[in-house]
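Throughout, residue positions are numbered sequentially from 1 according to the sequence presented. Every heavy atom of this structure was used, including side-chain atoms; hydrogens, water molecules and symmetry mates were not.
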Amino acid sequence: MNRIIHTSYITIMVIIVVVVTFYLSYTGYSYYQTPLEERFYHPHYSWFKSSGIYGQGLGIFGTFFILFGVSIYIARKRYNFMVKQLRLKYLLEFHIFLCVLGPILILFHTAFKFGGIVSIAFWSMVAVVLSGVVGRYIYIQIPRTIEGRELSLNEVKSLKTDLATVLSEKFKLDNETIQIVVSITNEDSSKKSKFTIASLRKELQKSNIPKSECIAILKMVKKEKSLSGKIARLQTMQKLLKYWHVLHMPFALIMLVIVVIHIIVTLTLGYKWLF
C-alpha cells in the first residue's frame with residue numbers, strides 16, 4: 001500500500017466515522033433532547049428506544065463491529081491468520097476504526113441513558129477506546145518491519161547509516177560540518193545539541209554545496225535524527241506497551257463479559273429484532 005492509497009484508506013475511515021456520527025445525531029436529535037421521563041410520549045419512541053428496531057439495530061451492529069474488529073486482529077497477531085494477505089499495521093488501523101465506530105453505534109443504542117450494570121460496560125468501553133488511542137501512539141513509536149513485526153534494539157541500531165563516512169567520502173564535507181551532523185543525530189537524548197537542521201542548512205549554503213546535494217544531505221540527516229530519537233525512546237516505549245496491555249485488556253474483558261450478559265438477559269426476556 002503506497003502513501004497515497006494509505007492516506008486515502010485512513011481518510012475514508014475517518015469520513016465514515018464522522019458521517020455516521022453526524023447522521024445519527026441529526027436523525028434522533030429531537031428524541032435524544034427529550035427528557036427521559038417524557039420520551040415515552042415522543043412520536044418516535046418505539047423507533048428510537050433501546051429495544052426498538054432502530055435502537056436495537058444500532059446495538060447489534062455496534063457489538064458486531066467491535067467483536068469482529070477484535071477477533072480478526074487477535075487472529076492475525078497471535079495465530080498468523082491470513083498472514084500473507086493482512087499486514088498487521090493496516091489491520092491495526094482497521095481494528096481501531098471498527099472499535100471506534102462500534103462504540104459510537106452503541107452510544108446511540110443506549111439513547112444516552114445509562115444505569116446499572118450497563119453503565120459499567122459503557123464506561124469500560126470508553127476506557128478501552130481512550131486507551132486504544134494511547135496504545136496506537138505508543139505502537140507507532142516502536143520501529144517495525146514492513147510486515148509489522150517489532151524490531152529489537154540491535155536491529156534498529158543496524159538501520160543507522162555511518163553518516164560521517166558517507167558525508168566525507170560522497171559529499172566531501174569538512175570535519176566541522178560533519179561534527180555538526182553527528183551532534184544533531186546523536187541518539188543520547190540527555191545530550192542536547194546546540195545545532196539544528198536550520199543551522200546545518202546555513203552551514204551547507206556557506207560551503208557552496210549544490211542545492212541537490214544539500215537536499216540529499218538534509219534528508220539523510222532528518223532520517224537519522226528520527227531513527228536516533230526512536231532508538232533513545234525504544235526501551236521506554238516497549239515498557240509502556242507492556243503496561244498498556246495490563247490496563248487495556250481488563251477493561252476490554254469487563255466490557256465483553258457485561259455485553260454477553262446483557263445479550264443473554266435481553267434474549268431471555270424475549271426481546272427480538274427483525275427475527
For atom [atom1] of [X], is the number of surrounding heavy atoms from other residues, nucleotides or ligands below 6.0 Å larger than 12?
| X | atom1 | answer |
| --- | --- | --- |
| Tyr23 | OH | no |
| Leu36 | CG | yes |
| Phe61 | CZ | no |

Could you tell me how the ring of His109 sits relative to the ring of His262: parallel (under 30°), tilted (30 to 60°) or perpendicular (over 60°)? perpendicular
Geometric class of the His44/Phe48 ring pair [parallel <30°, tilted 30-60°, perpendicular >60°]
perpendicular
Practice prompt. Might you work through the side chain to side chain contact (heavy atoms under 4.5 Å, CB included) test for Phe97 and Val14, ending with a clear yes or no?
Written response: CA-CA 8 Å; Phe97 161 66; Val14 171; over 6 Å; no
Nearest heavy-atom pair of [X] and [Y]: which atoms, and what distance?
| X | Y | value |
| --- | --- | --- |
| Ala111 | Ser50 | N-OG, 4.4 Å |
| Val100 | Pro103 | O-CD, 3.4 Å |
| His42 | Ser30 | NE2-OG, 3.2 Å |
| Arg39 | Thr34 | NE-O, 3.1 Å |
| Phe65 | Gly102 | CB-CA, 4.1 Å |

What distance separates [X] [atom1] from [Y] [atom2], expressed to the nearest 0.5 Å?
| X | Y | atom1 | atom2 | answer |
| --- | --- | --- | --- | --- |
| Ile104 | Ile16 | CD1 | CD1 | 11.5 Å |
| Thr63 | Leu58 | OG1 | CG | 10.5 Å |
| Phe22 | Thr27 | CZ | OG1 | 9.0 Å |
| Thr21 | Phe108 | OG1 | CZ | 6.0 Å |

Under 4.5 Å between any side-chain heavy atoms of [X] and [Y], yes or no?
| X | Y | value |
| --- | --- | --- |
| Leu105 | Leu24 | yes |
| Met13 | Ile10 | yes |
| Tyr32 | Ser25 | no |
| Phe68 | Phe94 | yes |
| Tyr73 | Leu98 | no |
| Glu93 | Ile96 | no |
| Arg87 | Leu91 | no |
| Val259 | Met125 | no |

Decide whether [X] and [Y] are clustered together by the hydrophobic rule: side chain heavy atoms of Ile, Leu, Val, Met, Phe, Trp, Tyr closer than 4.5 Å, transitively.
| X | Y | answer |
| --- | --- | --- |
| Ile72 | Ile74 | yes |
| Leu101 | Tyr26 | no |
| Val20 | Tyr54 | yes |
| Tyr41 | Tyr45 | yes |
| Ile60 | Trp47 | yes |

With Cys99 as partner, the option from Leu67, Val70, Val129 fulfilling side-chain contact (heavy atoms from CB on, under 4.5 Å) is Val70
When Thr11, Val18, Ile12 are each screened for side-chain contact (heavy atoms from CB on, under 4.5 Å) with Ile15, the one that passes is Thr11
Test side chain to side chain contact (heavy atoms under 4.5 Å, CB included) on Tyr31 and Lys49; report intermediate values, then the result. CA-CA 9 Å; Tyr31 179 77; Lys49 66 178 181 177; 3.9 Å; yes
Counting distance only, does the side-chain N/O of Tyr9 pair as donor-acceptor with the main-chain N or O of Tyr90 below 3.5 Å? yes
Donor-acceptor pair, Thr110 side chain versus Leu107 backbone, under 3.5 Å? yes
Q.
Quick one, Ile106 with Ile66, criterion side chain to side chain contact (heavy atoms under 4.5 Å, CB included). Give me CA distance, side-chain angles, the key distance, then yes/no.
A. CA-CA 10 Å; Ile106 291 176; Ile66 293 173; 3.6 Å; yes
